[in-house]
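The block underneath contains the structure these notes are about, expressed in structure tokens.
Note that the structure is predicted; figures quoted are calculated from it, not measured. First listed ligand is number 1; within each ligand, the first listed atom is number 1. All residue numbers in this chain count up from 1 along the given sequence.
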Amino acid sequence: MDKGSSIYIAGHRGLVGSAIARRLRALGFTNILTRTHKELDLLEQAAVRRFFEIEKPEYVFLAAAKVGGIHANDSYPAEFIRDNLLIQTNVIDAAWRSGVKKLCFLGSSCIYPKLAPQPINEKHLLTGPLEPTNEWYAIAKIAGIKMCQAYRRQYDFSAISLMPTNLYGPGDNFDLQSSHVLPALLRKFHEAKEAGSAEVVVWGTGKPRREFLHVDDMADASVHLMRVYDEEQIVNVGVGQDVTIAELAEYVRDAVGYTGRVVFDPSMPDGTPRKLLDVTRLHATGWRAKVPLDEGIRQTYEWYLENVAPPRLMAL
Ligand SMILES: NC(=O)C1=CN([C@@H]2O[C@H](COP(=O)(O)OP(=O)(O)OC[C@H]3O[C@@H](n4cnc5c(N)ncnc54)[C@H](OP(=O)(O)O)[C@@H]3O)[C@@H](O)[C@H]2O)C=CC1
Ligand SMILES: C[C@H]1O[C@H](OP(=O)(O)OP(=O)(O)OC[C@H]2O[C@@H](n3cnc4c(=O)[nH]c(N)nc43)[C@H](O)[C@@H]2O)[C@@H](O)[C@@H](O)C1=O
């Protein structure tokens, strides 16, 4: 990619897409192409094809998707499988048809079997049953990986697939029903502190282990791999370390400064017991995550206070 290359970021207003846009701009890329959801609905095949035929981007970061935490995935299986299959199929096919030089597809660590050996190596894909709460989303993401591989084999299309671990950071979704755990806990602890509540409820048993990567690291890795990596094999993108949800709750409690109790609600699903990525392949490309979890949580809390909390508290 040259600094003047035309680069389309699908989903540029989302957590990852906005971070990729920030990273590219910081590196001096000047020709970044975007469309809001309203301007271009990626579920519409004809509209997507037209967009690619007219704009002819050279590079594509596919960061648009139907995304959510464990409860959203479990509650809306039809939307998660349908929207993700449609968005990725429309974008990957139109990109190839219009002569895109290279495309970066984002999967997820939930593509791996629920009980995969830890840390999870890329070779564990399709070796066992999936976690039921997000199998619909996972199946769509696996189809996306296979589509990139098939287009590479048959059409010589340069498509790479990255498998991010759980992400967090500025621009995250803080809605308590649809969000992932880290933004949900930031909001719960913040609201409990403001209201003087005696306890905060954390879903599940607190025992599952998760790995958290700051979205600025994810964006940096995406741009790096777009530049240096061009193979069929998928690449895990993570930090190589995980924590229990109970430990995560303590990190968030410290960042927010909440002094009440943490209680667990085992009626809510735990999901996969552990999801730690083997990042050997990623490290071999010369890239490592930089943002420590405690620092990333503090920085995300500052972003939350500046961008999300004030209007909502005024409304209370
Ligand atoms: N967040 C995470 O923890 C992880 C994310 N990933 C992957 O990273 C990628 C980005 O995720 P993330 O940034 O978190 O998700 P977000 O929900 O923050 O962003 C997704 C973006 O896609 C857009 N979008 C969704 N549907 C359509 C549509 N039909 N037409 C046009 N735009 C659409 C959304 O726009 P709008 O809001 O206007 O609908 C939004 O800007 C996804 O592929 C996801 O699977 C992988 C692992 C973990
Ligand atoms: C990125 C990944 O995200 C999803 O998988 P997940 O890792 O299970 O996602 P999660 O962040 O929502 O939860 C992690 C853990 O945390 C616990 N937990 C506690 N309290 C809250 C809470 O308040 N909210 C949420 N959401 N979880 C909570 C929760 O019970 C679970 O044990 C996938 O669906 C899939 O889409 C995917 O790819």
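Atom 32 (O) of ligand 2 has its closest protein heavy atom at Asp270 O, 2.6 Å. Nearest non-hydrogen protein atom to atom 33 (C) of ligand 1 is His37 ND1, 3.6 Å. Considering only non-hydrogen protein atoms, atom 3 (O) of ligand 2 sits nearest to His180 CD2, 3.1 Å. Atom 26 (N) of ligand 1 has as its closest protein heavy atom Ile87 CD1, 3.5 Å. The protein heavy atom nearest to atom 19 (O) of ligand 1 is Gly14 CA, 3.3 Å. In this structure, the protein non-hydrogen atom closest to atom 10 (C) of ligand 1 is Ala63 O, 3.3 Å. If you check which protein heavy atom lies closest to atom 23 (O) of ligand 2, you get Lys188 NZ, 2.7 Å. Among protein heavy atoms, the minimum distance from atom 20 (N) of ligand 2 is reached at Trp203 N, 3.0 Å. In this structure, the protein non-hydrogen atom closest to atom 7 (O) of ligand 2 is Arg210 NE, 2.7 Å. Nearest non-hydrogen protein atom to atom 38 (O) of ligand 2 is Ser108 OG, 2.6 Å. Looking only at heavy atoms of the protein, atom 34 (O) of ligand 2 is closest to Asn73 ND2, 2.9 Å. For atom 33 (C) of ligand 2, the closest non-hydrogen atom on the protein side is Asn134 ND2, 3.2 Å. Nearest protein heavy-atom contact of atom 30 (N) of ligand 1 is Leu42 N, 2.9 Å.
In this structure, the ring of Phe174 has its center less than 6.0 angstrom from the ring center of Tyr304. For Phe61 and Phe105, the ring centers sit 6.0 Å or farther from each other.
Between Leu167 and ligand 1, at least one pair of N/O atoms sits closer than 3.5 Å. The N/O atoms of His71, backbone and side chain alike, include none that comes under 3.5 Å of an N/O atom in ligand 2. Taking only nitrogen or oxygen atoms, main chain and side chain alike, Tyr137 reaches within less than 3.5 Å of ligand 1. The N/O atoms of Ile70, backbone and side chain alike, include one that comes under 3.5 Å of an N/O atom in ligand 2.
A side-chain donor-acceptor contact under 3.5 Å links Glu122 to the backbone of Asn236. Side chain of Arg152 to backbone of Ala159: a donor-acceptor contact under 3.5 angstrom is found. No side-chain donor-acceptor contact under 3.5 Å links Glu211 to the backbone of Leu276. Put simply, the side chain of Asn90 gets close to the backbone of Leu42: a donor and an acceptor are under 3.5 Å apart. A donor-acceptor pair is defined here as one N or O able to donate and one able to accept, closer than 3.5 Å; no such pair exists between the side chain of Glu295 and the backbone of Pro292.
Contacts of Lys275 with ligand 2, taken as heavy-atom pairs under 4.0 Å, involve the side chain alone. Counting heavy atoms closer than 4.0 Å to ligand 2, residue Ala72 contributes nothing at all. Heavy atoms from both the backbone and the side chain of Val181 come within less than 4.0 Å of ligand 2. Under 4.0 angstrom from ligand 1, there are no non-hydrogen atoms of Asp83. Contacts between Glu131 and ligand 2 below 4.0 angstrom, taking non-hydrogen atoms only, are absent altogether. Only the side chain of His180 comes within 4.0 Å of ligand 1, judged by heavy-atom distances.
In this structure, Lys290 does not pair ionically with Asp216, as no charged nitrogen and carboxylate oxygen lie closer than 4.0 Å.
Of the residues listed (Tyr59, Phe52, Phe29), the one engaging Tyr8 in a ring-ring contact (aromatic ring centres under 6.0 Å, His included) is Phe52, and it is the only one.
In this structure the side chain of Leu248 never reaches within 4.5 angstrom of the side chain of Arg210, judged on heavy atoms. Looking at Arg49 and Asp93, their side chains come closer than 4.5 Å, going by heavy atoms from C-beta outward.
The option with the heavy atom closest to atom 26 (N) of ligand 2, from among Ser109, Ala184, Ser179, Gly69, is Ser179. Among Ala64, Ser18, Gly68, Ala65, the residue whose heavy atom lies closest to atom 25 (C) of ligand 1 is Ala65. Between the choices Pro269, Ala249, Gly204, the shortest heavy-atom distance to atom 29 (C) of ligand 2 belongs to Pro269. The heavy atom nearest to atom 31 (C) of ligand 1, considering only Leu15, Leu43, Leu40, is found in Leu40.
Annotation for ligand 1: atoms under 4.0 Å from non-hydrogen atoms of Val67 are 11 (O), 14 (O), 15 (O), 17 (O), 42 (C), 44 (C), 45 (O). With ligand atoms numbered from 1 in the order given, ligand 1 contributes 47 (C), 48 (C) to contacts under 4.0 Å with heavy atoms of Thr165. Of all atoms in ligand 2, numbered sequentially from 1 with element shown, those under 4.0 Å from a heavy atom of Gly68 are 34 (O), 36 (O). For ligand 2, the atoms sitting less than 4.0 Å from at least one non-hydrogen atom of Asn166 are 1 (C), 7 (O), 11 (O), numbered in the order shown with element in parentheses.
Residue contacts with ligand 1 include Lys141, since one or more of its heavy atoms lies under 4.0 Å from the ligand. Within the 4.0 Å heavy-atom shell around ligand 2 one finds Ile245. At least one heavy atom of Gly107 lies less than 4.0 angstrom from ligand 1. Taking a 4.0 Å cut-off on heavy atoms, Asp41 registers as neighbouring ligand 1. In this structure, Asn84 has no heavy atom closer than 4.0 Å to ligand 1. Under a 4.0 angstrom heavy-atom cut-off, Tyr168 registers as lying outside contact with ligand 1. In this structure, Lys66 does not count as a contact residue of ligand 1, since none of its heavy atoms falls inside 4.0 Å of the ligand.
The CG atom of Leu186 sits 11.0 Å away from atom CD of Glu302, with the distance rounded to the nearest 0.5 Å.
When the side chains of ILVMFWY residues are joined at heavy-atom separations under 4.5 Å, either directly or via intervening members, Ile20 and Leu27 end up in a single hydrophobic cluster.
For atom 37 (O) of ligand 1, the nearest protein heavy atom is 4.0 Å or more away. For atom 42 (C) of ligand 1, a protein heavy-atom neighbour is found at a distance under 4.0 Å.
Between the side chains of Thr205 and Asp270, at least one donor N or O sits under 3.5 Å from an acceptor N or O.
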